[in-house]
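What follows is a short report on a single structure.
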Amino acid sequence: MADLQSNIPPEPPGFAVNGCTRAFKVLIADDSRSALALLKAVVSQLGFETLLASNGQEVVELYREHAPDLVLLDVMMPVMDGFDALREIRSIQSSRWVPVVFLTALDDSDVLKKALLAGADDFLTKPIRPSILSAKIQALWRTLCLQDQVLSQHVELEAYRDEVEEERRIARGLLEMMSNANRLMDGGVRILSKPAQHLNGDIVAAARTPSGKLHLLLADGTGHGLTAALSVLPTVEPFYSMTSKGFALPTILDELNRKLYSSLPRDCYVAACMLGIDMVERRIEIWNAGLPDALLLNRKAHTTKRLPSRNLPLGILRPADFDAVPESFEFLPDTALVLASDGLVEALADNDLDLGSERLASIMLASPADDGWPDEICNLSQSDDHADDLTLVTIECGQLVCNRDDRILTSKAGSSKAVAAALGGDWAVEITLDAFRLREADIVPVLLNLVRGFGLEQGGAADLFVVMSELFNNALDHGLLCLDTDYKNHASDMERYFEIREARLERLENGSVTIRLERMRDAVGALLEITVRDTGAGFDLAILDRVNDESRGGRGLALVRSLCESLEFRGVGNIAVARLRLAHGSN
Amino acid sequence: MLTVSTKVFNGVAEIELAGRFDFSGRKAFREAYDSLLLNAGVQAIEIGLSGVEYIDSSALGMLLLLRERAEEANKKVILHSAQNTVARVLSVANFGRLFEIRG
């Protein structure tokens, strides 16, 4: 024994590798008791735990029971030799690598080759020299420590990934609920949406105003995934809420910009395109800020008008510097509108936005209004290989229904009943807007909201909105802006009409419009008297009779007449008085 | 991959960008201009885009951030030599309203 003792090397210096302090277990197998004792001594000297076996069977049993980190295996053993034991060990599934070192008395290259092929990681020839054994074990130990590190990082990573998946799942649910464009089941509006990752940074929102005008918003936040989706989120609620109240495009866009400017970090913004389609006024308004060209297709003439982005995306300009002026076009039944996010347009033409828009226009023109998505588009959306969110919206004007959405307004009926009961009977409200306010304010929705607080019967709000809007527009356009003589009945002149209107409104300095609402009762029941007065020169009442239902102004007044019990023009034609009968069943 | 090279001459700093200008280049871009903003000898920062073959919305966002910081430091930011698709992206975003853009 004395000889053996002197052969055992002293404890090696610098033992800890990467701060690895786990206690390693070494399984030692040899049928010679003295060899076993020597091996055990060397391993214990290194500070490791030992498991001892004297035949192959014991090796397998101990391996199964104790899961050692390293195995020192003698080749020649009774009951089961080293090779068989090795095969058994290797057949046991494990996510860890357990090195096996063969101890062989034979210096036979065939045996060594066989050993390595059977799955041994290394070998040592007998007689074992303690210094070499010790060195080999330490080398293997360094690799085992590295394996430990990798495995624990893997576990951490898996846990992190599970957390992220869960967060995404919840975020997706929230986003879908908030931005669900399915709120609008509108024939004629089709939406294709395929996100690049699990969360979509593009949203499409569509809704009708109380007078049945269709508002649609396509918004694309910077980047994609969660950050993009979060950037775009603040636009959803104001869009729906303000549309349902009847606010105009510029007012809504103003609010969207304000909200995004104050809530997004400086390097985030939202590219957007907003449309307003007014079937009564026969007008399409479009405001494109940062998205590829919006397309106005004329299906009858097979032509396309491209509407490029002429505005900075939302959330960049200070509210005071922001001014949305949409472009106006005539609404025709064979018009179709196509909006797409850059992801889709770029995918159509290898990152060339220009060519992509051209391609999109020809694809959509060639595809009939009634069919599903054209093949080229389906192929794009089916392939999973796209880096950006893909969104496409088409609106077939011929398929849009011209109706007012009373549902939006009646949902508030419950709460206003309580107010009505408290306020009771009759009331009157009057507001006057001077030239400055007329340029800036979107007065009709504000008034409507005020009036709703007084308790308006079901359906009454929609009618009131239409009457107030029409009479107000009439007073402004004809009374103050003097637009009568300029209007003609052709498409190009329609666009010219709107251009002139904008220009004159911009320059308006004098004059005012007063709206007065009074609730009163007569023998039949309750009614609302709406008076709209402007300080303009009025107009020849005789002209009113000649204005036909197809002309722009004529259509509006015809609608008011159909909704009201009476419509009169007083003074020099600058005072319009309409009486709207309210539903029965109120005080 | 975005390559960034900077030089200062006569009060004007030139940051020459090349490659893909996207989210992965944010650190390099930021580091390039941070010190320039503190440099009192620099009055204007010119960003050379001739070597940029791809630009996305996050890069535009980085430019917005630079613009804000430059405004605070009273320095001008100029973008120049944008090619093809890059020029198109800048034009669709109407960035000409925020930056001086030269050919």
Side-chain angles (χ1 to χ4, degrees), chain A residues 196 201-202 219-225 227-228 231-232 260-261 264-273 287-294 306-318 321-324 340-343 345-346 349-358 387-389, chain B residues 1-2 15 17 19-34 37 45 47 49 51-73 75 77 79 82-101:
Chain A
D202 289 355
D220 179 357
T222 36
H224 41 76
T227 27
S231 300
V232 139
L260 291 171
Y261 182 80
L264 295 180
R266 195 52 49 231
D267 53 349
C268 294
Y269 59 83
V270 173
C273 183
W287 187 82
N288 185 355
L291 286 182
D293 297 355
R306 283 166 66 162
L307 306 163
S309 147
R310 294 198 211 282
N311 305 280
L312 279 163
L314 297 167
I316 296 179
L317 287 172
R318 280 180 280 249
D321 299 329
F322 183 84
D323 183 26
S341 65
D342 61 349
V345 177
E346 280 168 0
D350 205 23
N351 278 332
D352 186 335
L353 274 177
D354 216 1
L355 190 55
S357 287
E358 219 176 273
D388 204 350
D389 303 318
Chain B
M1 255 306 294
L2 181 73
I15 301 182
L17 300 176
R20 277 180 78 92
F21 191 8
D22 62 15
F23 191 64
S24 60
R26 71 198 175 288
K27 237 188 179 168
F29 185 60
R30 181 73 187 265
E31 278 165 14
Y33 70 68
D34 264 348
L37 291 175
I45 300 177
I47 316 272
L49 298 165
V52 176
E53 59 208 22
Y54 171 90
I55 188 169
D56 69 2
S57 57
S58 14
L60 293 186
M62 289 182 239
L63 289 173
L64 288 176
L65 201 52
L66 167 58
R67 178 176 174 263
E68 186 181 61
R69 302 251 161 94
E71 234 171 65
E72 286 165 11
K75 301 188 200 299
V77 178
L79 309 177
Q83 303 298 303
N84 310 317
T85 48
V86 176
R88 184 103 176 87
V89 170
L90 288 172
S91 141
V92 169
N94 289 280
F95 264 33
R97 303 218 189 140
L98 300 173
F99 298 89
E100 184 183 324
I101 300 186

### Residue among Glu72(B), Glu68(B), Glu71(B) satisfying salt bridge (Lys or Arg N to Asp or Glu O under 4.0 Å) with Arg266(A)
Glu68(B)
### Message
Heavy-atom pairs under 4.5 Å with chain B - which of Asn351(A), Asp293(A), Leu312(A) has more of them than the others?
### Response
Leu312(A)
Hey, what do you get for [atom1] ([X]) to [atom2] ([Y]), rounding to the nearest 0.5 Å?
X	Y	atom1	atom2	value
Leu355(A)	Arg88(B)	CG	CZ	10.5 Å
Thr222(A)	Leu64(B)	OG1	CG	9.0 Å
Cys268(A)	Leu60(B)	SG	CG	12.0 Å
Thr85(B)	Asp350(A)	OG1	CG	10.0 Å
Asp267(A)	Arg30(B)	CG	CZ	9.0 Å

### Query
Leu98(B) versus chain A, heavy atoms under 4.5 Å apart: side chain, backbone, both or neither?
side chain
### Query
For Ala93(B) and Pro313(A), which heavy atoms make the closest approach, and how far apart are they?
O-CD, 3.4 Å
### Task
Give the minimum heavy-atom separation between Ser309(A) and Asn94(B), together with the two atoms involved.
OG-ND2, 2.9 Å
#### Entry: More than 12 heavy atoms from other groups under 6.0 Å of CZ on Phe23(B)
no
### Query
Between Asn288(A) and chain B, which part of the residue has a heavy atom less than 4.5 Å away: side chain, backbone, both or neither?
neither
### chain B contact via Ile316(A) - which portion, at a heavy-atom distance below 4.5 Å
side chain
